[in-house]
Student: 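I have a structure here, written as structure tokens, and I will follow up with some questions on it.
Each chain gets a letter, A, B and so on, in the order its sequence line appears, and its residues count up from 1.
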There are 2 protein chains.
Amino acid sequence: MGLTKTEIFSEQQNEIAVFAKAFAHPARVAILQHLFKMDNCVCGDLVIEIGLAQPTISQHLKELKQLGLIKGNIEGTSVCYCIDRENWNRMKKLLNEFFDQDISTSGNCC
Amino acid sequence: MGLTKTEIFSEQQNEIAVFAKAFAHPARVAILQHLFKMDNCVCGDLVIEIGLAQPTISQHLKELKQLGLIKGNIEGTSVCYCIDRENWNRMKKLLNEFFDQDISTSGNCC
DNA sequence: TTGTTTCATTGCAATATTACGATTAATAAG
DNA sequence: CTTATTAATCGTAATATTGCAATGAAACAA
């Protein structure tokens with residue numbers, strides 16, 4: 001099939017999965033790291049920096065934009081991307097709640 | 001293609017992507033949440049709890065085990081799974097470093 | 001032994017993802 | 001106008017992922 005059965009999971013579980021998908025590719029990790037490092041928002045520089053073809057980078061940027069993790073601004077012929085800090089923090093909070101559910105101190109079988 | 005060019009990325013970037021892939025499917029999110037919630041480690045219960053076929057759950061468990069996030073213990077005919085807390089914390093640290101790189105206070109174009 | 005239970009593995013079909021060449025659209029420069 | 005430059009989109013090939021029926025393997029019960 002190849003089709004995820006999203007309807008049998010909770011909204012929270014699906015949201016975690018969707019955000020995680022954003023980081024599930026090293027190119028998108030690299031893009032986000034670069035956008036954090038640069039103060040002035042880069043754009044076509046990412047193509048040179050990362051070493052993938054322009055359509056490939058453009059596609060990854062589109063996915064990150066659709067998720068709301070980055071924003072794009074047209075400046076002449078070039079487009080300037082940067083982190084959407086509000087949504088980034090929302091995502092951070094959601095994933096940290098998931099990471100920090102390890103409250104139990106009791107032993108288990110393993 | 002469909003083949004990720006891992007060789008052009010840093011080890012850290014690839015590691016983040018590989019861990020993120022673990023959470024990039026709601027079934028695996030649900031499995032991990034259930035393992036955290038239960039003190040005695042479940043196993044075939046996951047099939048009932050989650051509502052996917054047994055081979056499908058088994059496959060997701062295999063991926064999580066290969067990543068080191070969970071461990072499995074054979075107990076008679078059943079297998080008892082639980083979180084590998086050491087690796088879980090390693091993963092948590094790595095991803096939190098990635099999430100918390102937002103130190104810059106300067107404005108940008110967007 | 002023969003069944004039963006529990007889980008892993010195999011094999012396969014449907015769909016998703018990754019990557020890029022070719023093209024297009026929009027702006028800027030001449 | 002024409003010609004770059006920049007980035008999005010289209011089309012397509014290669015590969016990965018998801019899901020499950022069928023089967024296999026191991027432990028247990030009778």
Student: For residues A/Phe19 and A/Leu69, report the shortest heavy-atom separation together with the two atoms involved.
Tutor: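 Scanning both residues completely, I find the closest heavy atoms to be CE2-CD2, 4.2 Å.
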Student: Rounding to a whole Å, what distance do you find between A/Phe23:CZ and C/dT17:P?
Tutor: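 For the pair A/Phe23 CZ and C/dT17 P, the rounded distance is 16 Å.
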Student: Side chain of B/Asn14, backbone of B/Thr6: donor and acceptor closer than 3.5 Å?
Tutor: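 Yes, B/Asn14 side chain to B/Thr6 backbone: donor-acceptor pair under 3.5 Å.
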Student: Rounded to whole angstroms, how far apart are CD1 on B/Ile74 and C1' on D/dA25?
Tutor: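 Value for this atom pair: 11 Å.
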Student: Over how many whole Å does the gap from B/Gln66 atom CD to C/dT9 atom C1' extend?
Tutor: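 These atoms are roughly 13 Å apart.
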Student: Tell me the closest heavy-atom pair linking A/Leu35 and A/Ile70, and the distance in Å.
Tutor: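 Reported closest heavy-atom pair: CD1-CG2, 3.7 Å.
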Student: To the nearest Å, how far apart are A/Ile57 CD1 and C/dT18 P?
Tutor: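 Rounding to the nearest Å, CD1 of A/Ile57 and P of C/dT18 are 12 Å apart.
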Student: Any side-chain donor paired with an acceptor under 3.5 Å for B/Gln33 and A/Gln101?
Tutor: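 The criterion, which ignores hydrogens and geometry beyond distance, is not satisfied for A/Gln101 and B/Gln33.
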Student: Please give, in whole Å, the distance from D/dT9 C1' to A/Leu61 CG?
Tutor: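 It works out to 14 Å between those atoms.
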Student: Mapping A/Thr77 and B/Lys65 onto DNA chain C by nearest heavy atom, which one lands closer to the 5' end?
Tutor: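 That would be B/Lys65.
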Student: Which letter, B, S or -, goes with each nucleotide of nucleotides 12-22 of chain D from 5' to 3', with contact meaning a protein heavy atom under 4.0 Å?
Tutor: -BBBSBBBBBB
Student: Please report, rounded to the nearest Å, how far the P atom of C/dA8 is from the CG atom of B/Leu46.
Tutor: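 In whole Å, C/dA8 P lies 10 Å from B/Leu46 CG.
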Student: Nearest whole Å is fine: how far is D/dT6 P from A/Glu75 CD?
Tutor: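 So the CD-P distance, A/Glu75 to D/dT6, works out to 14 Å.
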Student: Counting only side-chain N and O atoms of A/Tyr81, is one of them less than 4.0 Å from OP1 or OP2 of D/dT6?
Tutor: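 So the side chain of A/Tyr81 is outside the cut-off, no N or O lying under 4.0 Å from OP1 or OP2 of D/dT6.
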Student: Indicate, with yes or no, if the rings of B/Phe99 and A/Phe23 have centres closer together than 6.0 Å.
Tutor: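 Distance test on ring centres: under 6.0 Å, yes.
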Student: Taking NZ, NE, NH1 and NH2 as the nitrogens, is one of them in B/Arg90 or B/Glu15 under 4.0 Å from a carboxylate oxygen of the other?
Tutor: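 Salt bridge between B/Arg90 and B/Glu15, a charged N being under 4.0 Å from a carboxylate O: yes.
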